[in-house]
2 protein chains.
Amino acid sequence: DSQQLVADMSDPYSTDPQRHAALKPASVKPFNAETPPFLLVEQFITPNELFYVRNHLPVPQVDPETYELEVEVEGRKKCLVLTLDEIKKLPRHTITATIMCAGNRRSEMVKVKPVKGLNWGAAAVGTATWTGVRLRDVLIKLGVDEDDKKLKHVQFEGLDFDPTGKTYGASVPLWKAMSKRGDVILAYEMNGEAIPRDHGFPIRVIVPGVVGARNVKWLGRIVVSENESDSHWQQNDYKGFSPSTDWDTVDFTKSPAIQELPVISAICKPSEGEKVKVEDGHIVVKGYAWSGGGQKIARVDVTADGGSTWFVANLDHQDSAEPPQHWSWTLWSARIPIPSGTKQVELWAKAVDSCYNTQPETFKNIWNLRGVLSNAYHRIKIKLV
Amino acid sequence: DSQQLVADMSDPYSTDPQRHAALKPASVKPFNAETPPFLLVEQFITPNELFYVRNHLPVPQVDPETYELEVEVEGRKKCLVLTLDEIKKLPRHTITATIMCAGNRRSEMVKVKPVKGLNWGAAAVGTATWTGVRLRDVLIKLGVDEDDKKLKHVQFEGLDFDPTGKTYGASVPLWKAMSKRGDVILAYEMNGEAIPRDHGFPIRVIVPGVVGARNVKWLGRIVVSENESDSHWQQNDYKGFSPSTDWDTVDFTKSPAIQELPVISAICKPSEGEKVKVEDGHIVVKGYAWSGGGQKIARVDVTADGGSTWFVANLDHQDSAEPPQHWSWTLWSARIPIPSGTKQVELWAKAVDSCYNTQPETFKNIWNLRGVLSNAYHRIKIKLV
Ligand SMILES: [Mo]
Ligand SMILES: [Mo]
């Protein structure tokens with residue numbers, strides 16, 4: 001295609017795919033971009049071309065005809081090498097799952113104090129149906145025992161690489177991969193189509209309920225191991241710290257790698273600063289809420305008066321899966337009464353999940369130097385007309 | 001014993017057991033009492049006689065010689081009837097698990113606005129080793145299939161009953177009972193002794209990671225069902241609501257029954273109002289932290305200046321179990337510097353779990369009419385000498 005014709009050997013990003021014009025870039029090389037928030041809550045399933053993109057490296061060019069996935073257990077001779085056709089012949093499994101970037105909503109945390117990371121708004125998140133094969137089935141075929149006392153982690157390597165040849169990598173706990181209720185899949189379809197290049201063509205591992213960073217794209221190799229991935233992104237990134245930990249005192253070995261994400265919500269419509277028309281003394285507020293680890297959203301509360309009165313939002317779209325296998329977000333709306341003559345209000349939203357975990361109130365006390373896990377109440381100011 | 005001699009037929013509580021004098025009662029009939037907080041953090045395993053007691057009804061007198069546990073599937077003829085000896089002959093399984101009352105720390109939430117419920121401090125919680133048989137093993141014996149599409153819940157009935165003859169009851173999801181990683185046990189030992197009468201003699205179901213109310217004592221009957229328990233405590237109690245929901249507007253069908261509890265922490269030493277000696281410019285603060293659902297505590301932060309500076313606590317005692325099977329609390333301590341001349345400080349503690357869920361800052365926005373899930377930052381004022 002035209003992209004290939006202009007490939008520039010000095011720029012590894014020159015062969016990246018075309019992107020939809022509506023995506024709002026947070027960085028261009030590597031390409032990172034989010035959905036406009038008002039479009040995000042238009043539908044339960046995010047269209048592929050509007051799904052947020054979080055790439056750490058150039059998008060690799062993978063030939064599906066010659067693609068091979070290596071699957072092995074560290075220190076054992078037996079391994080599997082699967083072509084795309086062989087993978088597609090294994091039993092199909094489809095799940096609907098939300099994927100979210102650890103840095104979603106970082107731009108709000110930054111207001112407390114600067115952090116290192118892409119300046120994501122509230123839309124580094126999306127929901128899709130993913131079809132592929134259960135990782136569990138593949139690992140059982142390889143002879144992995146779910147109760148193995150030594151093996152603890154499943155490492156994933158992408159086919160994307162940096163200028164030194166180092167590939168992207170991450171790992172998840174073995175129990176998650178082997179559990180019947182874990183629903184980890186090697187996906188080759190996203191919303192009924194071949195996974196687009198930006199989302200991991202031809203295979204992306206989908207680890208539902210777990211941070212996007214472990215849902216490795218362009219999957220090339222799987223290694224079952226006693227240890228976590230030794231990649232930068234597993235060891236020295238994507239971890240939370242105390243608000244008083246700075247770059248001089250941080251010790252990345254002291255915090256666990258982020259896996260299942262905490263409960264979060266965001267208002268997507270209206271947006272910060274928007275002029276909203278009051279109708280019949282009310283405004284309508286729409287957003288999403290989600291919790292990692294297969295937890296379901298139990299309630300979303302919205303206030304327009306700093307928490308003196310909370311309105312319980314209507315959960316407009318929520319799939320029927322029960323926790324701990326509820327992988328998708330909840331789309332919600334609330335009709336909020338506005339006293340006549342009010343010129344502006346600040347709206348707050350917070351969610352509660354099926355474990356009754358709830359969001360922290362402010363960013364001050366959850367601030368961390370990488371700006372991850374940015375799940376405080378969402379607060380926006382709007383004008384009323 | 002002497003209790004039996006004075007049994008008074010007009011008072012169903014007259015045959016309740018003797019209790020340790022150190023327990024601090026929240027109510028006498030039924031008996032509800034908590035451990036003195038400073039004693040709670042003296043040891044990782046709470047001694048039986050100091051373990052908090054939460055009884056809804058009189059303690060039943062159960063004869064271990066004639067005791068029988070009924071286990072059945074709703075609508076099926078086959079059932080199991082197990083004597084205590086038969087239960088003890090099944091494979092033994094021991095776990096260490098923290099149990100907490102849904103109302104723990106309610107006395108702090110009450111300060112926002114009154115609620116209905118016992119006025120618990122921060123010590124309606126304890127940790128014990130529990131030995132018994134896996135509920136999973138018993139249900140498999142009964143022919144229950146973990147992947148059954150119809151059966152969803154396991155109901156428990158106690159042998160304790162109210163004046164109308166109605167027994168205490170609760171249920172948990174079937175996946176929790178059947179999961180290899182669920183560790184639900186029919187326990188007959190607590191810290192190596194027969195379970196004391198106040199804690200469920202001869203059998204208490206231990207559902208680790210799940211609110212105390214579902215860990216039914218004096219277990220008499222187990223029913224696998226499509227439905228949750230229809231008991232008052234499952235249907236019309238032990239549920240969370242929005243801060244704006246009151247007794248006129250509450251609809252108990254709209255909230256899920258509390259199961260896995262959210263992350264919590266408390267300062268146990270010093271206590272509110274205590275005079276603490278500053279040594280070498282520091283004070284030492286001790287407490288516990290815990291999270292339901294098998295999550296581990298990842299970090300505890302303590303501040304003495306309203307969150308401007310957070311100190312990361314030392315996790316002094318934490319067992320080695322990995323999430324999602326980390327059932328026990330973490331005991332922590334922090335050495336906090338005190339500027340010379342300071343006469344009093346307010347200490348705050350908050351915990352973060354292995355899903356990076358954290359506690360809400362204040363009670364105002366998590367207030368609920370039953371005063372459950374009271375897990376805001378723990379804040380105490382102390383005097384310095
Ligand atoms: Mo991410
Ligand atoms: Mo409770």
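Just so it is clear: chains get the letters A, B, ... in the order the sequence lines come, proteins before strands, and each one is counted from 1.
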Which pair of heavy atoms, one from [X] and one from [Y], lies closest together, and at what distance?
X        : Y        : result
A:Ile366 : B:Thr358 : CG2-CG2, 4.0 Å
A:Pro323 : B:Trp175 : O-NE1, 3.5 Å
A:Gly306 : B:Lys364 : O-NZ, 3.3 Å
A:Pro243 : B:Arg299 : CD-NH2, 4.3 Å
B:Ser308 : A:Ser244 : O-OG, 4.3 Å

Got a second to check how far [X]'s [atom1] is from [Y]'s [atom2], nearest 0.5 Å?
X        : Y        : atom1 : atom2 : answer
A:Asn365 : B:Lys350 : CG    : NZ    : 5.5 Å
A:Gln259 : B:Ser354 : CD    : OG    : 10.0 Å
B:Arg181 : A:Arg181 : CZ    : CZ    : 8.0 Å
A:Glu322 : B:Lys152 : CD    : NZ    : 7.0 Å

Counting heavy-atom pairs closer than 4.5 Å to chain A, which one of B:Ile258, B:Thr309, B:Leu261 comes out on top?
B:Ile258
For chain A, the option from B:Gly292, B:Ala257, B:Gly240 that forms the most heavy-atom pairs under 4.5 Å:
B:Gly240
At a heavy-atom separation under 4.5 Å, does B:Ser291 approach chain A through its side chain, its backbone, both, or neither?
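Neither; nothing under 4.5 Å.
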Under 4.5 Å heavy-atom distance to chain A, tell me which part of B:Val263 shows up: side chain, backbone, both or neither.
both
Answer with side chain, backbone, both or neither: which region of [X] has an atom nearer than 4.5 Å to a non-hydrogen atom of chain B?
X        : result
A:Thr362 : both
A:Phe311 : neither
A:Gln325 : neither
A:Glu361 : both
A:Asp301 : side chain

Do side-chain atoms of A:Tyr356 reach the backbone of B:Leu373 as a donor and acceptor pair under 3.5 angstrom?
no
